[in-house]
Protein chains: 2
Amino acid sequence: MSLPHAILTALLEKPSSGLELTRRFDKSIGYFWSATHQQIYRELGRLEGEGLIRALPTEQPARGQKKSYEVLPAGRAELARWTAASQDPKPARDALLLRLRAAAVVGTEGIAADLRHHLALHQRQLAEYQEIEERDFGFGTDSAQARLHHLVLRAGIDLETFWIQWLTHALGEFEQLPAESG
Amino acid sequence: MSLPHAILTALLEKPSSGLELTRRFDKSIGYFWSATHQQIYRELGRLEGEGLIRALPTEQPARGQKKSYEVLPAGRAELARWTAASQDPKPARDALLLRLRAAAVVGTEGIAADLRHHLALHQRQLAEYQEIEERDFGFGTDSAQARLHHLVLRAGIDLETFWIQWLTHALGEFEQLPAESG
DNA sequence: GGCCGTTGTGCAACTAGTTGCACAATCGGT
DNA sequence: ACCGATTGTGCAACTAGTTGCACAACGGCC
């Protein structure tokens with residue numbers, strides 16, 4: 001239920017074509033709501049059909065031509081409605097923790113390597129977030145918008161930090177484990 | 001791709017009927033891989049069809065009768081295979097962070113109340129985890145199995161702690177924000 | 001002994017996200 | 001002028017998870 005709202009938010013921040021949206025998702029909104037270009041195009045079509053957004057006028061609206069969208073008043077209203085409405089959190093799903101649980105029964109083979117892999121990914125992500133923080137929120141950010149964006153970024157940073165700590169701890173535990181435990 | 005493996009794990013820990021599985025998911029494996037009873041029944045049917053589990057023999061196998069399943073060797077092998085194989089982490093999806101981002105554009109109305117709601121839920125969850133930790137891992141847990149289970153629980157505890165801290169911080173920020181920021 | 005809540009199993013339809021591919025336009029080299 | 005890589009848009013089929021409902025059996029209760 002959230003992809004359309006992610007797109008509306010992105011389009012309000014800046015009207016864009018499908019590909020531009022895809023790129024921006026990859027390095028901003030996508031950090032906490034990822035989407036592939038196929039999803040985005042499909043959703044743009046739907047939103048246009050519902051009258052929430054519209055394609056900006058262009059000379060040659062043909063296949064393979066850039067087509068930009070902007071949010072219409074109805075779209076903004078819908079986003080405001082959705083944002084204000086309370087939502088229950090989605091139930092958690094974490095395959096890595098599930099695998100650890102499975103490993104307790106069928107053996108830990110292969111897990112340690114993957115923990116290291118995850119650790120590397122989280123370290124990379126954290127570095128990326130920290131770069132953004134330095135670049136965009138270096139000092140005295142004061143507008144309400146900037147504060148909210150910073151808040152979201154903080155969540156990302158702290159979350160990555162948590163994972164890095166936990167994975168490091170987990171790898172330590174693994175070294176003390178007998179070679180096979182299934 | 002993980003629900004069948006979650007079920008295999010649970011069944012290896014203890015053969016169970018659909019309802020028993022549902023209950024155990026609610027207070028153990030479901031903490032990081034939730035599933036409804038409908039999903040579980042459907043998946044049990046599939047797993048049985050694939051020869052990975054089988055129904056324990058019973059006198060009256062009729063509707064409304066308890067039917068327990070156990071894992072067959074093929075099922076254990078499949079679980080071992082899945083556990084050992086490396087997997088890429090799923091892209092993140094967090095509606096609350098998305099809403100904050102949307103709020104930066106269309107206004108923060110309604111958000112603070114929901115942050116408080118989430119905070120309460122996470123506090124409750126943390127308390128539950130801590131209770132389990134005291135009950136099951138009070139002191140000197142040494143078997144490899146227990147250590148792995150504890151490790152997973154630790155992840156849960158630290159994750160809830162992170163959310164509680166972040167939400168508390170976020171609520172603090174909100175108090176300093178102008179009443180309307182869209 | 002009929003009613004009702006609980007336990008237990010299950011199907012069908014729907015929604016959301018993923019994967020795999022198709023195809024047009026543009027640009028740079030040759 | 002042609003060719004292939006890149007940019008940009010999009011459909012179709014599939015997989016996973018959710019929602020809503022149906023229905024049988026059991027256990028008490030009045």
Side-chain angles (χ1 to χ4, degrees), chain A residues 1-8 10-11 15-26 29-30 32-50 53-56 58-69 82 87-95 98, chain B residues 1-8 10-11 15-26 29-30 32-50 53-56 58-69 82 87-95 98:
Chain A
M1 284 298 294
S2 299
L3 179 57
H5 302 101
I7 290 179
L8 287 171
L11 284 181
S16 311
S17 69
L19 192 68
E20 281 163 359
L21 274 181
T22 303
R23 298 227 192 295
R24 287 172 52 210
F25 262 68
D26 283 348
I29 288 191
F32 44 89
W33 203 276
S34 76
T36 62
H37 79 274
Q38 290 90 337
Q39 278 177 280
I40 289 173
Y41 281 115
R42 179 170 44 181
E43 205 59 48
L44 283 171
R46 280 185 198 153
L47 289 168
E48 191 178 21
E50 291 168 11
I53 64 175
R54 68 159 185 184
L56 287 175
T58 170
E59 314 75 56
Q60 283 292 91
R63 224 184 146 85
Q65 291 265 276
K66 203 183 279 193
K67 192 161 77 170
S68 280
Y69 293 89
W82 176 81
Q87 292 174 218
D88 283 329
K90 287 261 147 172
R93 292 229 157 76
D94 189 301
L98 180 57
Chain B
M1 285 301 292
S2 299
L3 178 58
H5 302 101
I7 290 179
L8 287 172
L11 284 181
S16 312
S17 69
L19 192 68
E20 282 163 358
L21 274 181
T22 304
R23 298 228 192 293
R24 288 172 51 209
F25 262 68
D26 283 349
I29 288 191
F32 43 89
W33 203 276
S34 75
T36 62
H37 79 273
Q38 290 91 337
Q39 277 178 278
I40 288 173
Y41 281 115
R42 178 170 43 180
E43 205 59 48
L44 283 171
R46 280 185 198 154
L47 289 168
E48 192 179 19
E50 291 168 10
I53 63 175
R54 69 159 182 183
L56 287 175
T58 170
E59 315 75 56
Q60 282 293 91
R63 224 186 146 86
Q65 292 263 276
K66 203 182 275 193
K67 192 161 76 170
S68 279
Y69 293 90
W82 177 81
Q87 291 174 220
D88 283 329
K90 286 261 146 169
R93 291 230 157 75
D94 188 300
L98 180 59

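Chain A is the first sequence line, chain B the second, and so forth, proteins listed ahead of strands; every chain is numbered from 1. All values derive from a computational prediction rather than experimental measurement.
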Selected nucleotide, minimal atom distance to B:Lys67 side chain, candidates C:dT7, D:dG17, C:dG10: C:dG10
State the CD1-CG distance between B:Ile40 and B:Leu3, to the nearest 0.5 angstrom. 7.0 Å
When rounded to the nearest 0.5 angstrom, what distance separates OH in B:Tyr41 from OG1 in B:Thr36? 11.0 Å
Within this structure, what is the [atom1]-to-[atom2] distance between [X] and [N], rounded to whole angstrom?
{"X": "A:Lys90", "N": "D:dA16", "atom1": "NZ", "atom2": "P", "answer": "17 Å"}
{"X": "B:Gln87", "N": "D:dA16", "atom1": "CD", "atom2": "P", "answer": "12 Å"}
{"X": "B:Leu21", "N": "C:dT7", "atom1": "CG", "atom2": "C1'", "answer": "15 Å"}
{"X": "A:Leu44", "N": "D:dC11", "atom1": "CG", "atom2": "C1'", "answer": "15 Å"}
{"X": "B:Leu19", "N": "D:dC26", "atom1": "CG", "atom2": "P", "answer": "15 Å"}
{"X": "B:Arg42", "N": "D:dT15", "atom1": "CZ", "atom2": "C1'", "answer": "10 Å"}
{"X": "B:Asp26", "N": "C:dG8", "atom1": "CG", "atom2": "P", "answer": "13 Å"}
{"X": "A:Arg46", "N": "D:dG10", "atom1": "CZ", "atom2": "P", "answer": "14 Å"}

Between [X] and [Y], is any pair of side-chain heavy atoms under 4.5 Å apart?
{"X": "B:Pro4", "Y": "B:Arg46", "answer": "no"}
{"X": "A:Leu44", "Y": "A:Leu11", "answer": "yes"}
{"X": "A:Trp82", "Y": "A:Gln87", "answer": "yes"}

Return whichever of B:Pro91 or B:Gly18 has its heavy-atom-nearest nucleotide of DNA chain C closer to the 5' end. B:Gly18
Assert: residue with more 5' nearest nucleotide on DNA chain C, out of A:Ser2 and B:Glu20, is B:Glu20
Using a strict cut-off of less than 4.0 Å between a Lys/Arg side-chain nitrogen and an Asp/Glu carboxylate oxygen, indicate whether B:Arg23 and B:Glu20 qualify as a salt bridge. no
May I ask you to evaluate whether B:Arg93 reaches the phosphate of C:dA16, defined as a side-chain N or O under 4.0 Å from OP1 or OP2? no
In residues 32-41 of chain A, what residues come within less than 4.0 Å of DNA chain D, judged by heavy atoms? A:His37, A:Gln38, A:Tyr41
Sugar-phosphate only, base, or nothing, as touched by B:Ser17 at under 4.0 Å among non-hydrogen atoms: sugar-phosphate
Are side-chain N/O atoms of A:Arg93 and B:Ser2 paired as donor and acceptor at under 3.5 Å? no
